[in-house]
Each structure stands twice: as C-alpha cells, then as structure tokens.
2 protein chains.
Amino acid sequence: MITQVIVAEHGTSTTDPAPARPLDRRARRRRETIDEILRIAADVMTQDGVNALSMAEIARRLGVQPPSIYKYFDSLLHIYDALFQRGQLEHLRVMRGAMANAQPGLPALTAGLEASGQWCLANRSVAQLMFWRPVPSFEPSPEAFAPSIEMVNLQKAAIADAIAAGQLGPAEVDQVVHLVSVFIVGVLSQAIANEPDLEWGYGRFTPLFPQLMALIPALYPPPPRQNRPHRR
Amino acid sequence: MITQVIVAEHGTSTTDPAPARPLDRRARRRRETIDEILRIAADVMTQDGVNALSMAEIARRLGVQPPSIYKYFDSLLHIYDALFQRGQLEHLRVMRGAMANAQPGLPALTAGLEASGQWCLANRSVAQLMFWRPVPSFEPSPEAFAPSIEMVNLQKAAIADAIAAGQLGPAEVDQVVHLVSVFIVGVLSQAIANEPDLEWGYGRFTPLFPQLMALIPALYPPPPRQNRPHRR
DNA sequence: GTCTATAGCCTGATAGAC
DNA sequence: GTCTATCAGGCTATAGAC
C-alpha cells in the first residue's frame with residue numbers, strides 16, 4: 001500500500017498566505033522536474049510497455065543518475081501512483097467537460113465516453129495503467145483512486161437522467177454502467193492492441209462506439225409516452 | 001523473430017513409419033517435461049502477470065536449475081511462443097467444436113464465441129498473451145499465429161451463413177467480425193480486470209454477452225421474406 | 001540431461017561526499 | 001540536489017564437468 005500523498009506537492013497550496021510570489025524559484029523548478037519525470041515515464045511505458053518502466057531508464061532519459069530521481073519520488077511504485085492519480089484527474093476533467101456541453105441523459109453519457117475514449121488513446125500507456133491493471137504489484141493509493149469513483153458517479157447521474165427523461169425504460173443504473181463499460185473497453189482494447197498508431201474515431205473499432213451507444217434503448221426500451229416533446 | 005518450429009517436437013509425427021512403440025521412453029519423458037514447463041509457465045503468468053514469466057521462476061518451481069530449461073527451450077521467448085501456439089490450437093479446437101454443435105449462422109457464431117470466452121477465462125494468462133499482447137518484445141512466429149487466422153475464417157463463414165439464411169441483412173462480413181470482437185473482448189477485459197476469480201457466465205460482465213449478440217440484427221436488419229420457415 | 005560456475009547484464013535502493 | 005560508490009539481488013544465457 002502506498003501512503004505517500006503526492007498530489008499535495010504538485011499543485012499550488014491554497015492555504016499558504018505569506019509569499020508575495022506564488023511559487024519561489026526553487027519550488028517552481030522542482031515542480032517542473034516532477035512534471036518532466038512523469039512525462040518521460042509515460043513515454044517509456046508507451047514505447048516499451050507499462051511494465052518496462054524503470055528508475056534507471058527515466059534517469060537515462062532525464063540525463064541524471066538514478067539516485068537523483070529519489071529526491072522526487074520515494075520509489076518506482078510512487079511514480080506509478082503519481083501517473084495514476086494525474087491520469088485519473090485529467091480524465092475526469094475531460095469527461096466532465098464533454099458531458100457539460102451535451103444534452104442531459106444519453107447524449108451527455110455518450111459525449112463523456114467519447115471524450116474518455118479520445119483521452120485514453122491519446123494517453124494510452126497511462127490509460128492502460130488506470131483501467132487494465134497490467135502491473136500486479138501496483139495498487140493505487142486511495143487518493144489516486146478517488147477521481148475514478150467520481151467519474152463513475154458522473155455516468156450514473158447521466159443514466160438516471162436518461163431514465164427520468166424517458167430516453168430509457170426503467171433499468172438498474174449499475175447494469176447500464178457495466179454495459180457501457182463493456183462497449184468503451186471493448187473498442188479501446190481492440191484499438192490499442194491492433195491499431196496502435198490511430199487516434200479515436202479512426203480505424204475499424206472506435207467508429208463503432210456511437211452505433212453501440214445507440215443500441216442501448218433497444219436493450220432498455222423507453223415506455224411509450226403521451227407528452228413526449230413534439231416528436232411522434 | 002522466432003524461427004524455431006516448436007510444434008514439430010510436441011505432437012507425434014505422422015510421417016514416421018518405423019518404430020513399433022509409438023514413443024520410446026526417452027521421447028515420452030521429454031514430452032512430459034515440456035508439458036510441465038508450459039503448465040508451470042502458465043501458472044506463473046496467472047499469479048504474477050504475463051510479463052513476470054522468467055526462466056528462473058520456472059526452474060524453481062520445476063525443482064531444477066535454470067540451465068536445465070534450455071535443454072527444452074532455446075530462450076524465454078520460445079516459451080512464450082509455445083504457449084501462444086498451444087493456446088491458439090486449443091482455442092481453435094474448442095471454438096470449432098462448439099460451432100459444429102449449433103445451428104449454422106448466428107447461433108453457431110454465438111456458441112463459438114461463448115466457448116471462446118469460457119476458454120479464455122479458464123486460461124486467462126495465455127489468453128492475454130494471445131489477444132492482448134502485453135509483452136512488446138514478443139512477436140509470435142508464423143506457425144504459432146496460423147491457428148488464429150483459421151479461427152477468424154470460422155467466424156467469417158458463420159457470418160456469411162447468417163446473411164445467406166436471412167438472419168442478417170446485407171453486411172460487410174469484416175465489419176461484423178470487428179463488431180463481435182468488440183463484444184467478446186469487452187466482456188473479457190472487464191471480467192479479467194475486475195472479477196479475476198469468476199468463470200464465464202458469472203459476475204457482472206460475461207452474462208451480458210448473449211444479450212449483445214442478440215443486438216446484431218438490430219444493426220444489420222434482415223430483409224422481410226415471404227418464405228421464412230413457419231414463424232411469423 | 002543434470003549439475004556447478006560464471007559471465008554479463010539489469011534492477012531498486014541507500015550512504016555519504018560535495 | 002547532484003554526484004560517486006556500492007549493496008544486494010534479479011535476470012538470461014553459456015561453458016563445461018559428470
């Protein structure tokens with residue numbers, strides 16, 4: 001179990017009243033180094049596989065000796081944890097933004113998951129770390145995992161909206177969550193394994209996703225309604 | 001690239017006329033050792049991850065010293081290749097058997113894929129090696145890969161049957177292959193990542209598979225027919 | 001076919017000088 | 001915060017005795 005809380009070091013502290021400059025030079029420089037370590041780590045995972053990440057390779061690419069990395073991260077597993085947490089936070093932000101710009105209910109759910117797919121393919125090594133769990137010895141810390149719970153709640157809320165609006169018939173929200181997870185993980189798994197250079201929307205698999213989402217009402221048929229807004 | 005042909009050593013040669021005994025003791029003993037090495041290798045991958053396979057760990061569990069393993073396999077990658085090939089052959093056999101016992105067309109396709117899912121969960125480490133490609137440095141040899149092509153051809157034939165029988169409307173066979181691959185890989189990915197101890201048919205994901213297969217005619221609607229056999 | 005011994009590489013992580 | 005030096009251990013693979 002990883003207990004070191006890494007995120008506190010990354011952002012600017014909002015409870016810090018004193019300094020005139022938001023970050024002094026040393027702190028800013030440290031943050032930049034942390035950013036670069038994580039950027040390099042994602043590159044290594046993309047090129048050589050998520051499991052191939054090593055302190056030594058990061059140090060080589062950063063142009064320092066391996067012990068220097070330990071000034072920023074206590075261990076290799078802490079680097080995995082930071083990648084996991086940053087990935088979850090960014091993924092949540094992207095999905096939330098896409099959902100906010102779509103109609104509530106099924107359109108929002110679809111838009112959120114398409115944004116998720118786009119992000120996952122643009123960050124596929126981190127996405128694999130987050131959702132496929134290829135490193136058995138790594139267990140994310142509760143802090144790193146938290147955004148993932150929030151992401152599922154976003155999806156559940158959209159599904160509840162869809163049912164309330166009559167876009168879907170009465171359904172167990174959890175079942176629908178599992179169904180759409182199969183869709184998104186299916187297209188992403190196939191895209192990552194078979195079309196490693198294509199982004200979302202291209203190739204033989206990810207274009208299927210909107211069609212799959214359109215099938216959901218066939219599994220949970222909406223009840224016929226008198227006062228559906230001016231269509232049929 | 002792996003060029004050593006391993007399968008020739010595994011099976012009994014059919015072009016070998018001379019010996020009265022089908023296999024002499026030495027050859028049989030050798031075959032048993034090879035079988036045990038591969039069985040142990042699959043166990044290691046299941047417990048510690050596909051990438052964690054090592055000659056040293058196999059030797060420890062077999063109760064020999066690492067150099068002894070090299071009398072049976074030229075390298076670790078050759079062990080991956082043998083696992084890949086045996087897995088593909090067995091998977092093909094299982095799928096073919098299930099399809100032969102079902103009605104042609106969509107029922108055969110569904111039965112074959114359900115048998116595939118069952119096999120993949122019962123042999124999940126080898127299935128991951130075969131279909132998720134988690135070891136970037138490993139590329140299967142053409143001999144090992146061949147059964148996979150045959151497996152896809154089985155699926156294509158069943159889809160063509162389904163179209164010919166009017167179970168599906170006119171569709172590109174390749175598109176349907178990609179669609180069902182998304183379904184099966186989706187439920188398997190989620191099952192493997194989230195329900196590591198459940199077999200096919202249990203849990204929150206694999207029971208969705210038949211429902212997903214039943215949706216295919218909604219994507220490729222069959223044309224209305226006069227002479228459909230005594231139903232409707 | 002088994003073993004011991006070993007070469008030669010890699011790794012994560014720490015101690016301590018500067 | 002950087003370095004050198006080092007520990008302790010892992011790994012693949014080979015050489016050669018038995």
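What you are looking at is a predicted structure, and each value in this text was computed from that prediction instead of being measured. Convention: sequence-line order gives letters A, B, ...; per-chain numbering from 1.
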**Student:** Specify whether Phe145(B) and Phe84(B) have parallel, tilted or perpendicular ring planes, treating 30° as the upper limit for parallel and 60° as the lower limit for perpendicular.
**Tutor:** parallel

**Student:** Consider the side chain of Ser75(B), meaning its heavy atoms from C-beta on, and name the nucleotide among dA13(D), dT4(D), dT11(C) that approaches it most closely.
**Tutor:** dA13(D)

**Student:** Where the side chain of Lys71(A) is concerned, which of dC11(D), dT4(C), dG1(D) is the nearest nucleotide?
**Tutor:** dG1(D)

**Student:** So, does Ser68(A) get its side chain near the phosphate of dG1(D), meaning an N or O under 4.0 Å from OP1 or OP2?
**Tutor:** no

**Student:** What's the CG-C1' distance between Asp74(A) and dA13(C), to the nearest Å?
**Tutor:** 11 Å

**Student:** What is the nucleic acid contact for Pro67(B), judged by heavy atoms within less than 4.0 Å: base, sugar-phosphate only, or nothing?
**Tutor:** base

**Student:** Expressed in angstrom and rounded to an integer, what is the separation of Met55(B) atom CE from dT12(D) atom C1'?
**Tutor:** 8 Å

**Student:** For Ile69(A) and dG1(D), give me the distance from atom CD1 to atom P, rounded to whole Å.
**Tutor:** 13 Å

**Student:** I'd like to know if the side chain of Arg93(A) reaches the main chain of Gln88(A), judged simply by a donor and an acceptor atom lying under 3.5 Å from each other, with no hydrogens or angles considered.
**Tutor:** no

**Student:** Mark yes or no for whether Asp81(B), through its side chain, and Ser141(B), through its backbone, hold a donor-acceptor pair below 3.5 Å.
**Tutor:** yes

**Student:** Which nucleotide wins on minimum distance to the side chain of Arg30(B), given the candidates dG12(C), dC11(D), dG1(C)?
**Tutor:** dG1(C)

**Student:** Using the side-chain heavy atoms of Val64(B), tell me which of these nucleotides is nearest: dC3(C), dC3(D), dG12(C).
**Tutor:** dC3(C)

**Student:** Strictly by modelled atom types, are Ser181(A) and His178(A) linked by a side-chain donor-acceptor pair under 3.5 Å?
**Tutor:** no

**Student:** Establish, yes or no, whether a centroid distance under 6.0 Å links the rings of His91(A) and Phe131(A).
**Tutor:** yes

**Student:** Is any side-chain N or O of Tyr70(B) closer than 4.0 Å to OP1 or OP2 of dG16(D)?
**Tutor:** no

**Student:** Could you give the CD1-to-P distance, from Ile58(B) to dG10(D), as a whole number of Å?
**Tutor:** 17 Å

**Student:** May I have the distance from Glu57(B) (atom CD) to dT12(D) (atom P), rounded to whole angstrom?
**Tutor:** 10 Å

**Student:** Find the distance His78(B):NE2 to dA13(D):C1' and express it as a whole number of Å.
**Tutor:** 13 Å

**Student:** Nearest-Å distance, CG (Leu62(B)) to C1' (dG1(C))?
**Tutor:** 12 Å

**Student:** Taking atom C1' of dC3(D) as reference, at what distance in whole Å does atom CZ of Arg60(A) sit?
**Tutor:** 17 Å

